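Only a predicted model underlies this, so the values are computations on that prediction, with no experimental measurement involved.
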Amino acid sequence: MLLHPVAADLHVAPTAVTGALTTAILVQAAMAVPVGRHLDQHGGRALMTAGAVLGAGMLAAWSQVRTVWQLYLVFAGIGMAMAMALYEPATAVIVSWFDARTRPRAILAMIVVAGFASTVFMPLTGRLTDRHGWRATLLILAVLYAALAVPLHLAVVRRPPCATRAARPAAAGQRRALLRAAVRDSRFWWLTTAFVAHAAAMTAMTVHLVGYLTSRGHPATFAATIAGLLGVLSVTGRLLLTAAGRRLRLHRVVAAVFLLQAAAALGLPALAGSRPGAIIAVTAFGLGFGIAGLATPQLLADRYGTTAYAGIAGTLAAFVTLARAGAPLAAAGLLTTSGGYRTVLLAIGGAGLIAAAGILTRAGAPRPAGAVITPAAGRCAPEPMRRESAPRT
C-alpha cells in the first residue's frame with residue numbers, strides 16, 4: 001500500500017523500496033536463532049515488549065526518511081522488531097505455556113486472529129494514505145501499534161507458572177543438549193527442507209499468481225479477487241488441519257496437503273484458461289496456505305519437547321525466512337529466462353513435492369538419544385516426547 005507513494009516521494013524506483021523490505025526479512029532471519037535462545041532462557045515478556053517498542057519507533061522513523069540509505073537503515077530495525085514480536089516468538093510463548101492437549105487450539109487461535117492483519121490494515125492503510133499522506137499514516141500506525149501491543153505484552157506474556165529461578169541453570173544445560181541433539185538429527189533437517197520448500201512455493205505463488213492469471217486473459221479484478229482467496233482459504237486449511245490432526249497422524253495430513261498444493265500448481269496451466277478451472281486450482285492450492293505455522297510447532301514439540309523449543313524453532317525459522325526472501329527473486333529470474341509462467345509453476349509444483357517428501361522422510365524414526373530430558377528441581381516435569389507415528393489423541 002505504501003510502495004509507490006514512498007518511491008515517488010523519495011524519487012527512486014519501486015524496486016529500491018522493495019529492496020528495503022528484503023533487507024528487513026534478511027535481518028529477521030539473522031535474528032531468529034539468538035531470539036529463540038533468549039526466549040528459551042528468559043521467556044517472551046521483555047523481548048516481545050521491547051520488540052513492540054522498537055517496531056513502533058521504526059514506523060515513526062520510517063515516516064521521516066528522506067533518502068534511500070535512511071530507508072534501508074530503518075527497515076533493518078523493522079526486521080529486528082519482526083523477529084522479536086511476530087509469529088515466531090508468539091508461538092514459542094504459547095508452546096511453553098500450554099500442554100500438548102491444549103496447545104494446538106491455542107496456536108490456531110493466535111494464527112487465525114493474526115491472519116486478519118492484512119485484511120484489516122491493508123485497506124486501513126490505503127484510506128489513511130489517501131486522506132493524510134504516507135508520512136502521517138505511518139505516525140498514526142506507530143501510535144496505534146504502541147498503544148495496543150506494548151501494554152498487552154507487559155500484561156499478558158509471562159513465564160510458565162512452574163518455571164522457577166532456581167531451576168534455570170540446570171534447564172540451560174538441558175536446552176543446550178536438546179539443541180545439539182536436534183541439529184544432529186536427520187529428521188530435523190528433513191523437516192527444515194520440507195518447510196523451506198513449502199515457504200518458497202507459497203511466496204512465489206503469492207507474488208506471481210495475479211500476473212499469471214492476467215497473462216491468461218483474465219481481467220485484473222478477477223485475478224486480484226482469486227488471489228485474495230488465498231488468505232481466506234488459509235483459515236479454512238488451518239481449521240481442517242486441526243480437525244484432521246485429532247484423528248490422523250499429523251505428518252501424513254500435512255504431506256497430503258502439500259501434495260494437493262503441488263498438484264494444483266502443476267495443473268494450473270491446464271485449468272486456468274477458464275474461470276471455474278482457475279478457481280478450482282487456486283482453491284486447492286490455498287488450502288495449504290498457513291498450515292506450516294500450525295504444523296511446525298506441533299511437529300517440533302512432539303519430537304523434541306518444549307524445553308528448548310524456541311531455539312530449535314528459531315534455527316528452522318532462519319532458513320524458512322531466507323526462502324521467503326529469495327523465492328520471489330528466483331521466480332522472477334525463471335520468468336525472465338524462460339519467457340513464460342509455465343516454468344515458474346513447474347518449479348512451484350516441484351517445491352510442493354519436495355515439501356511432502358521431506359515431511360514423510362524418517363517420520364517414524366525414534367527421537368535422538370541426546371533429547372532425553374531429566375526434570376530439574378523446582379520445574380515441571382517435561383512432556384514426554386512422542387514418535388510422530390504414534391496416534392494423536
Side-chain angles (χ1 to χ4, degrees), residues 18 21-33 35-36 79 82-83 86-92 107 110-111 114-115 117-118 187-209 227 230-231 233-235 237-238 241 250-251 253-266 282 284-300 312-334 344-361:
T18 305
L21 177 59
T22 303
T23 300
I25 296 174
L26 293 176
V27 171
Q28 182 187 11
M31 291 281 292
V33 174
V35 164
M82 290 161 62
L86 294 189
Y87 277 106
E88 286 78 13
T91 302
I107 294 174
M110 182 271 290
I111 290 177
S118 58
R187 174 61 177 157
F188 173 80
W189 293 108
W190 281 112
L191 287 174
T192 300
T193 299
F195 288 119
V196 164
H198 185 256
M202 297 303 97
T203 308
M205 181 65 84
T206 301
V207 172
H208 293 284
L209 178 59
L230 297 176
L233 290 167
S234 68
V235 176
R238 289 159 179 165
L241 178 67
L250 180 63
H251 67 280
V253 178
V254 175
V257 174
F258 287 177
L259 285 173
L260 176 64
Q261 288 186 291
L266 295 173
V282 173
F285 193 87
L287 288 174
F289 251 73
I291 70 165
L294 189 59
T296 301
Q298 294 178 234
L299 291 172
L300 292 181
I312 296 170
T315 303
L316 187 152
F319 293 99
V320 170
T321 306
L322 288 173
R324 290 173 181 158
L329 299 176
L334 280 176
V344 175
L345 294 173
L346 181 64
I348 292 172
L353 295 175
I354 293 172
I359 289 292
L360 293 172
T361 303

Please name the pair of heavy atoms, one in Ala255 and one in Ala356, separated by the smallest distance, quoted to 0.1 Å. O-CB, 3.8 Å
For Val344 and Ala331, which heavy atoms make the closest approach, and how far apart are they? CG2-O, 3.6 Å
Would you please test Ile359 and Leu299 for side chain to side chain contact (heavy atoms under 4.5 Å, CB included) and show each step? CA-CA 10 Å; Ile359 289 292; Leu299 291 172; 4.2 Å; yes
Would you name the heavy atoms of Ala83 and Val35 that are closest together and state the gap between them? O-CG1, 3.5 Å
Measure the shortest side-chain to side-chain distance between Leu26 and Thr321 over non-hydrogen atoms and say whether it is less than 4.5 angstrom. no
Phe285 and Ile348, any side-chain heavy atoms less than 4.5 Å apart: yes
Can the ring centres of Phe195 and Trp190 be said to be less than 6.0 Å apart? no
For a quick test of reading the model, state the closest non-hydrogen atom pair linking Pro328 to Ala325 and the distance between them. CD-O, 3.7 Å
Find the distance between OG1 (Thr91) and CD (Gln298) and round it off to the nearest 0.5 Å. 11.0 Å
Can you name the nearest heavy-atom pair linking Leu334 to Ala347, along with the distance? CD1-CB, 3.7 Å
Rounded to the nearest 0.5 Å, how far does CG of Leu316 lie from OG1 of Thr192? 4.0 Å
Quick one: pull up CD1 in Ile111 and CD1 in Ile291 and give me the separation to the nearest 0.5 Å. 10.5 Å
Do the non-hydrogen side-chain atoms of Tyr87 and Met110 ever get within less than 4.5 Å of each other? yes
Can you tell me how far CD1 of Ile107 sits from CZ of Arg238, rounded to the nearest 0.5 angstrom? 11.5 Å
Let me confirm one number: the CG-CG distance from Leu266 to Leu353, rounded to the nearest 0.5 Å. 6.0 Å
Tell me, do Phe188 and Thr315 make a side-chain contact under 4.5 Å, heavy atoms counted? yes
Measure from the side-chain N and O atoms of Gln261 to the backbone N and O of Gly352, and report whether any donor-acceptor pair falls under 3.5 Å. no
Starting at OG1 of Thr296, measure out to CG of Leu191 and round the result to the nearest 0.5 Å. 8.0 Å
Please check if the side chain of Arg187 supplies one atom and the backbone of Thr361 the other of a donor-acceptor pair under 3.5 Å. yes
Begin with the C-alpha distance, continue with both residues' side-chain angles, and end with the deciding distance and a verdict on side chain to side chain contact (heavy atoms under 4.5 Å, CB included) for Met82 and Glu88. CA-CA 9 Å; Met82 290 161 62; Glu88 286 78 13; over 6 Å; no
Do the rings of His198 and Phe258 sit parallel, tilted or perpendicular, given the 30° and 60° boundaries? parallel
Looking at Ala295 and Val254, what are the two nearest heavy atoms and their distance? CB-CG2, 3.7 Å
